[in-house]
2 protein chains.
Amino acid sequence: MNAEKIPDIIISRLPVYLRALQHMADNGLKTTSSQELGEHVGISAAQIRKDISQFGEFGKQGTGYSIEYLLDKLREILKVDRRWDVIIVGAGDIGHALARYQGFANRGFNVVMIFDKDKSKVGQKIGEFTIEDTANLIEKVKAADIKIAMLTIPAPAAQEIADKLVQAGVKAILNYAPINLNVPKNVKVQYIDPATHLQRMTYYL
Amino acid sequence: MNAEKIPDIIISRLPVYLRALQHMADNGLKTTSSQELGEHVGISAAQIRKDISQFGEFGKQGTGYSIEYLLDKLREILKVDRRWDVIIVGAGDIGHALARYQGFANRGFNVVMIFDKDKSKVGQKIGEFTIEDTANLIEKVKAADIKIAMLTIPAPAAQEIADKLVQAGVKAILNYAPINLNVPKNVKVQYIDPATHLQRMTYYL
DNA sequence: TAGATTGTTAATCGATTAACAATC
DNA sequence: TAGATTGTTAATCGATTAACAATC
């Protein structure tokens, strides 16, 4: 892995490659080519080769890429060759869905706590988790050294909670609240808002 | 609105502007500038002016943009100046969350049906909806002339259902299944996968 | 009028693609 | 060896930014 700055647009494609390769591995495939991978993910073969080559020479002329080897390398690059503890803030419908989601474990994540500010929810169980009070958020997150949070609360409270997460040392926020968050630039935010995603498609209808 | 082809990257920013403007309007603001809007959404003022100017001259020198007017124009451009009927396929946790989500109505969408293939779920209620059998998907979607679907089923079944949606005339799919879908190129797909979004951030941790 | 801000042009910057030597 | 496919270069294409005349 070289020291140059890699553009974010390249980083954003790596998880897509990772997922497709995992899928191939699950189907028992051993090797693939930039051509084949490109067809799977809808990206040109040239771009895939260029993206991957930013980090090293992981392929072999004539035969392509070993799927297991490339998986290992991509996981290493994306730092999901380990397990990250993640919290959920907001025990509504989406918080519940995420708490029960089985897809995190084999992709590098481990939900460890779920918070809500509603006192009537605090103490209730969601699967193995007991809902904790948002009042204790900063303290608990600091103590457990959590770096990643998923925010599933209504928009009006989102900025305030984001500030608390930042204060507690969180560096990556997956925001389901339909609002832009202001955070220091060393904190990353990804947005998931179904209405926004739908509006990106209606233009073409 | 001119006839030239507008790049998708510009289209993808419009819903973000729309949401921020809606937020400003809700707070009683009447006008804004490219500068102010840019600060809200984290995009440069020059780019916002350039994006908006692709579609017409909606601002005034010296005073900026009328929020209501720009909202109207953006809604028109994105075709959310109307209400689109939308279906949900998959009555699991995410399907339930989307069925109950209150944020669609004022952003151009109206959930009208929810499907599941599990016979033990079919007939059950989610709020006002009765879960319908996926076996009747094509027929019902065609009859109601639905163009937009949200797919919230496990990955292994997603491609098969996507094929049915396409066959039924759906032109936009919001896919929550962690898998790439192959669809004709006149059908749009947007992907929501929390693990992929998280992996886009771990690189920077 | 003076100040502010647009819409647009030209310059810069960055990303994608095509092509091919290297080599497995 | 012959065929296939990488990694990389150069060319192309597209997006962003800076700057400013126009004008509200």
Side-chain angles (χ1 to χ4, degrees), chain A residues 1-17 20-21 24 29-74 77 185 200 203, chain B residues 1-17 20-21 24 29-74 77 185 200 203:
Chain A
M1 206 176 321
N2 63 34
E4 296 159 40
K5 177 106 170 57
I6 308 289
D8 182 61
I9 193 153
I10 292 183
I11 301 305
S12 75
R13 284 189 291 258
L14 301 186
V16 177
Y17 302 161
L21 289 164
M24 290 176 180
L29 297 176
K30 298 299 179 198
T31 63
T32 189
S33 63
S34 57
Q35 175 76 32
E36 186 183 54
L37 181 54
E39 278 161 18
H40 263 259
V41 299
I43 290 175
S44 78
Q47 181 156 88
I48 287 178
R49 290 202 302 278
K50 192 122 207 279
D51 285 353
I52 292 172
S53 72
Q54 304 295 307
F55 303 95
E57 306 192 355
F58 302 149
K60 276 202 180 62
Q61 287 97 328
T63 56
Y65 301 92
S66 154
I67 289 172
E68 273 308 329
Y69 184 70
L70 190 51
L71 273 171
D72 280 349
K73 288 298 178 181
L74 288 176
I77 293 162
K185 67 177 176 313
R200 254 185 92 158
Y203 173 80
Chain B
M1 205 178 322
N2 63 33
E4 297 159 38
K5 177 107 170 59
I6 307 289
D8 183 61
I9 194 154
I10 292 183
I11 302 304
S12 76
R13 285 189 292 258
L14 302 185
V16 178
Y17 303 161
L21 289 163
M24 290 176 178
L29 297 176
K30 298 299 181 199
T31 63
T32 189
S33 63
S34 57
Q35 175 76 33
E36 185 182 55
L37 181 55
E39 279 161 17
H40 263 259
V41 299
I43 291 176
S44 78
Q47 182 157 86
I48 287 178
R49 290 201 302 280
K50 192 122 210 279
D51 285 354
I52 292 173
S53 72
Q54 304 294 308
F55 303 95
E57 306 191 358
F58 302 150
K60 276 201 179 63
Q61 286 97 330
T63 56
Y65 301 91
S66 154
I67 290 172
E68 273 308 330
Y69 184 70
L70 190 50
L71 274 171
D72 280 349
K73 287 299 178 181
L74 288 177
I77 292 161
K185 66 177 179 310
R200 254 186 91 159
Y203 174 80

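Residue numbers begin at 1 in each chain, while the letters A, B, ... track the order of the sequences. None of these values were measured; they are calculated from a predicted model.
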Problem set entry | N or O in side chain of A/T63 less than 4.0 angstrom from D/dA4 OP1/OP2 | no

Problem set entry | Whole-Å distance separating the CZ atom of A/F55 from the P atom of D/dT8 | 13 Å

Problem set entry | Minimum side-chain heavy-atom gap B/Y203-A/I10 below 4.5 Å | no

Exercise. Rounded to whole angstrom units, what separation is found between the CD atom of A/Q54 and the P atom of C/dG14?
Worked result: 14 Å

For this session: Round to a whole Å and report the spacing from CD1 of A/I52 to P of D/dT8.
Result: 12 Å

For this session: Taking only the side-chain heavy atoms of B/I9 (C-beta and beyond), determine which of D/dT6, D/dA15, C/dT17 contains the nearest atom.
Result: D/dA15

Exercise. Within a strict 4.5 Å, meaning less than it, do heavy atoms of the B/Y65 and B/L37 side chains meet?
Worked result: no

For this session: Specify the separation, in whole Å, of atom CZ of B/F58 and atom P of D/dT23.
Result: 19 Å

Exercise. Would you say B/Y65 reaches C/dG7's phosphate, i.e. side-chain N/O to OP1/OP2 under 4.0 Å?
Worked result: yes

For this session: Would you indicate which nucleotide in D/dC20, C/dT23, C/dA15 comes nearest to any side-chain atom of B/R49?
Result: D/dC20

Seminar exercise, completed: note: A/I10, atom CD1; C/dT16, atom P; distance rounded to Å ~ 7 Å

Problem set entry | Minimum-distance pair of heavy atoms, taken over all atoms of A/P15 and B/R200 | CG-N, 3.9 Å

For this session: Side chain of A/S33 only, please: which of D/dT5, D/dT9, C/dA15 is the nearest?
Result: D/dT5

Exercise. Looking at C/dA18, C/dT8, C/dC24, which one has an atom nearest to any side-chain atom of B/E57?
Worked result: C/dT8

For this session: Please check the phosphate of C/dT16 (OP1 and OP2 only) for any side-chain N or O of A/R13 closer than 4.0 Å.
Result: yes

Problem set entry | Distance below 4.0 Å between B/S44 side-chain N/O and D/dT17 OP1 or OP2 | yes

Seminar exercise, completed: Those stems involving DNA chain D that have three or more consecutive Watson-Crick or G-U pairs, both distances under 3.5 Å, are C:3-24 with D:3-24

For this session: Evaluate the side-chain proximity of A/Y17 to A/L70: yes if any heavy-atom separation is below 4.5 Å, no if none is.
Result: no

For this session: Could you please name the option among C/dT8, C/dT17, D/dT6 that lies closest to any side-chain atom of A/Q47?
Result: C/dT17

Exercise. The side chain of B/K50 lies closest to which of these nucleotides: C/dT23, C/dT16, C/dA10?
Worked result: C/dA10

Exercise. Are the side chains of A/L21 and A/L74 in touch, meaning some heavy atoms are under 4.5 Å apart?
Worked result: yes

Exercise. How many Å lie between CG on B/L37 and C1' on C/dT6, as a whole number?
Worked result: 14 Å

Exercise. When rounded to the nearest 0.5 angstrom, what distance separates CD in B/Q54 from CD1 in B/I52?
Worked result: 10.5 Å

Seminar exercise, completed: Taken to the nearest whole Å, CD1/B/I43 to P/D/dT16 is 9 Å

Problem set entry | Residue closer to the 5' end of DNA chain C, B/T32 versus A/G62 (nearest nucleotide) | B/T32

Exercise. Taking atom CG of B/L14 and atom CD1 of B/I48, what is their separation to the nearest 0.5 Å?
Worked result: 10.5 Å

For this session: Let me know the distance between CD1 of B/I48 and P of C/dT8, rounded to the nearest Å.
Result: 17 Å

For this session: Calculate, to the nearest 0.5 Å, the distance between atoms OG and CD1 belonging to A/S34 and A/I43 respectively.
Result: 12.0 Å

